[in-house]
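Below, read A as the first sequence line, B as the second, and so on, with proteins coming before strands; counting in each chain starts at 1.
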2 protein chains.
Amino acid sequence: MTVPDDDAGPSRPTPIPRRTPLNRERVLRAAVVFADRSGIEALSMRSLAQQLGVVPMALYKHVANKEELLDGMVEVVVGAIDPPTRGAHWKAAVRQRILAARQSLAHHCWACQVIQSRTHASPVVLEYMDSLMGIFLAGGVSAELTHHAMHALGTRMWGFTQEVFPTPEPPADPEARSAMFAQAAAQYPHIVEIATIASRDDGSPAGGGCDEQFEFEFALDVLLNGVERLHRLGWTRPGPGSRSPSG
Amino acid sequence: MTVPDDDAGPSRPTPIPRRTPLNRERVLRAAVVFADRSGIEALSMRSLAQQLGVVPMALYKHVANKEELLDGMVEVVVGAIDPPTRGAHWKAAVRQRILAARQSLAHHCWACQVIQSRTHASPVVLEYMDSLMGIFLAGGVSAELTHHAMHALGTRMWGFTQEVFPTPEPPADPEARSAMFAQAAAQYPHIVEIATIASRDDGSPAGGGCDEQFEFEFALDVLLNGVERLHRLGWTRPGPGSRSPSG
DNA sequence: ACCTGAACACCGTTCAAGT
DNA sequence: ACCTGAACACCGTTCAAGT
């Protein structure tokens with residue numbers, strides 16, 4: 001039984017490489033595609049190697065270890081963030097840049113948890129942070145206030161926030177569902193009140209009815225408006241005796 | 001070679017149980033202590049079992065799997081948060097409660113990343129969120145605004161934030177250090193400018209000179225002040241045409 | 001009926017043997 | 001010199017064998 005050849009003559013002396021040779025770029029892009037399709041929890045050095053048709057050890061030629069692979073995947077996503085718009089007011093420019101980051105992450109939902117788990121910042125990541133700080137500084141915001149603003153943004157500078165309303169799966173049986181609802185309303189009255197208001201469409205408390213984009217922009221604007229207000233007031237760091245840092 | 005006995009006679013028929021029998025409580029507390037001492041990355045079902053002097057399978061009697069073990073560890077930490085102070089203004093009360101959460105987490109630095117990785121909320125966690133919402137609502141803040149405030153707080157409601165300034169280890173050799181500094185100043189001028197200001201003490205950009213407690217309170221106050229301002233203005237959710245959710 | 005050792009199906013990474 | 005299969009030291013979890 002002979003395997004049909006693609007195009008090579010039968011007497012070629014050197015074996016044809018199965019694919020274009022690996023390089024760091026190809027490894028990282030394949031890892032991103034793999035995580036997009038199969039989820040980050042399915043990504044292992046072994047599974048990625050298999051997808052690329054190579055032996056696991058071959059990957060270690062291009063990334064030192066799995067941590068560096070994940071660093072590189074973050075680089076790919078962060079490197080795809082749209083550049084800043086020139087000429088806008090600093091608040092609008094920061095807002096736009098962060099929403100651009102959010103858009104870049106939108107297609108790679110694994111990136112949120114991977115970014116949070118990084119301990120080393122790659123050049124691409126530092127570049128993004130540097131450019132974001134640059135927007136504040138160019139707008140006249142003091143280095144000190146810019147520093148605190150970056151801390152206040154936290155992971156939100158990357159365009160995402162950790163979801164804080166884990167929604168327990170409601171049982172399919174409607175009777176059990178209303179029983180669960182009644183119990184929840186008794187034990188957690190405020191959660192149920194707020195969840196009910198949040199998802200007026202179907203009225204179910206666990207409907208996951210939150211408009212994530214709205215929530216993100218709401219919090220981002222509260223932070224940026226707060227920083228803007230402090231900037232207008234000529235804020236400087238208060239002395240050690242004061243009650244609240246941003247009073 | 002005989003092992004000296006503690007106190008038992010030599011002819012006791014039934015073997016003495018090595019320790020007090022396991023229960024869920026003891027398993028969780030041991031896991032917390034283990035993570036405190038050895039770090040969360042060293043905690044495995046096997047290492048925890050060894051610490052307790054039992055076979056790994058014995059743990060599965062008290063927790064269904066490792067995820068549930070981690071859920072339980074979060075319960076221990078969250079359950080230790082001081083109760084809310086009665087009678088204070090809602091903003092002060094929320095502030096105090098979140099700083100109490102921060103204090104409970106302070107001795108368990110693994111808890112930040114474990115909380116972020118949870119997908120199911122345990123009753124203790126729901127109870128904390130419910131009581132925090134209750135403070136807003138009792139203060140007259142609308143359910144809608146409270147909802148968005150909780151989203152805006154995000155993981156900050158648990159008293160921590162993801163650090164966003166990963167500090168690359170500066171080389172010990174002073175010559176290499178200043179070379180690295182020069183290169184960083186050229187590539188990331190704004191980061192270096194801000195890092196230099198942030199750590200005036202030693203002047204080194206990678207000194208990790210941030211006052212984390214100050215940064216946390218700063219951001220928390222920006223958020224709470226922003227919510228308070230919207231509350232005073234009688235904020236309601238804007239229509240679909242408007243530019244910014246919290247303008 | 002209860003407990004648990006061995007096994008299973010994985011990991012990331014090392015290393016020496018083979019070409 | 002280069003590549004890679006097997007091995008190492010782990011995981012979480014299952015399961016059947018032993019008492």
When rounded to whole Å, the CG to P distance for the pair Leu22(B) and dC3(C) reads 11 Å

Between dC8(C) and dG18(D), how far is it from one P atom to the other, in whole Å? 15 Å

To the nearest angstrom, the CD-P distance between Gln50(B) and dC10(D) comes to 11 Å

With C1' as the reference atom in both, quote the distance from dT13(D) to dT13(C) in angstrom, rounded to an integer. 23 Å

Does Lys61(B) place a side-chain N or O at less than 4.0 Å from the phosphate oxygens OP1/OP2 of dC3(C)? yes

Is the distance from the ring center of His190(A) to that of Phe136(B) below 6.0 Å? no

Can you confirm if the aromatic rings of Phe214(A) and His151(B) lie within a centre distance of less than 6.0 Å? no

So what's dA17(D) paired with, Watson-Crick or G-U wobble, going by both distances under 3.5 Å? none

When rounded to whole Å, the CD to P distance for the pair Glu41(B) and dC11(C) reads 21 Å

Please report the distance, rounded to the nearest Å, between CE in Met45(A) and P in dT4(D). 15 Å

When you compare the side chains of His108(B) and Asp36(B), does any donor N or O come within less than 3.5 Å of an acceptor on the partner? yes

Any chance you could lay out the side-chain contact (heavy atoms from CB on, under 4.5 Å) test for Arg97(B) and Ser131(B), step after step, and finish with the verdict? CA-CA 10 Å; Arg97(B) 195 87 210 280; Ser131(B) 85; 2.4 Å; yes

Closest non-hydrogen contact found for Val77(B) with Ser104(B) is O-OG, 2.8 Å

Can you tell me the distance, in whole Å, between the CG atom of Leu43(A) and the P atom of dC10(C)? 16 Å

Using a cut-off of less than 4.0 Å, is there contact between a side-chain N or O of Ser44(A) and OP1 or OP2 of dG12(C)? yes

Nucleotide nearest Met57(A) (side chain, heavy atoms from C-beta), chosen from dT14(C), dT13(C), dT13(D): dT14(C)

Opposite nucleotide pairing with dA9(C), Watson-Crick or G-U, both atom distances under 3.5 Å: none

Atom-pair distance (NE2 on His62(B); C1' on dG12(D)), nearest Å: 18 Å

What's the closest nucleotide to the Val55(B) side chain, out of dT4(C), dT13(D), dG12(C)? dT4(C)

Between P of dC11(D) and NZ of Lys66(A), the distance in whole Å: 16 Å

To the nearest angstrom, the CZ-P distance between Arg46(B) and dG12(D) comes to 7 Å

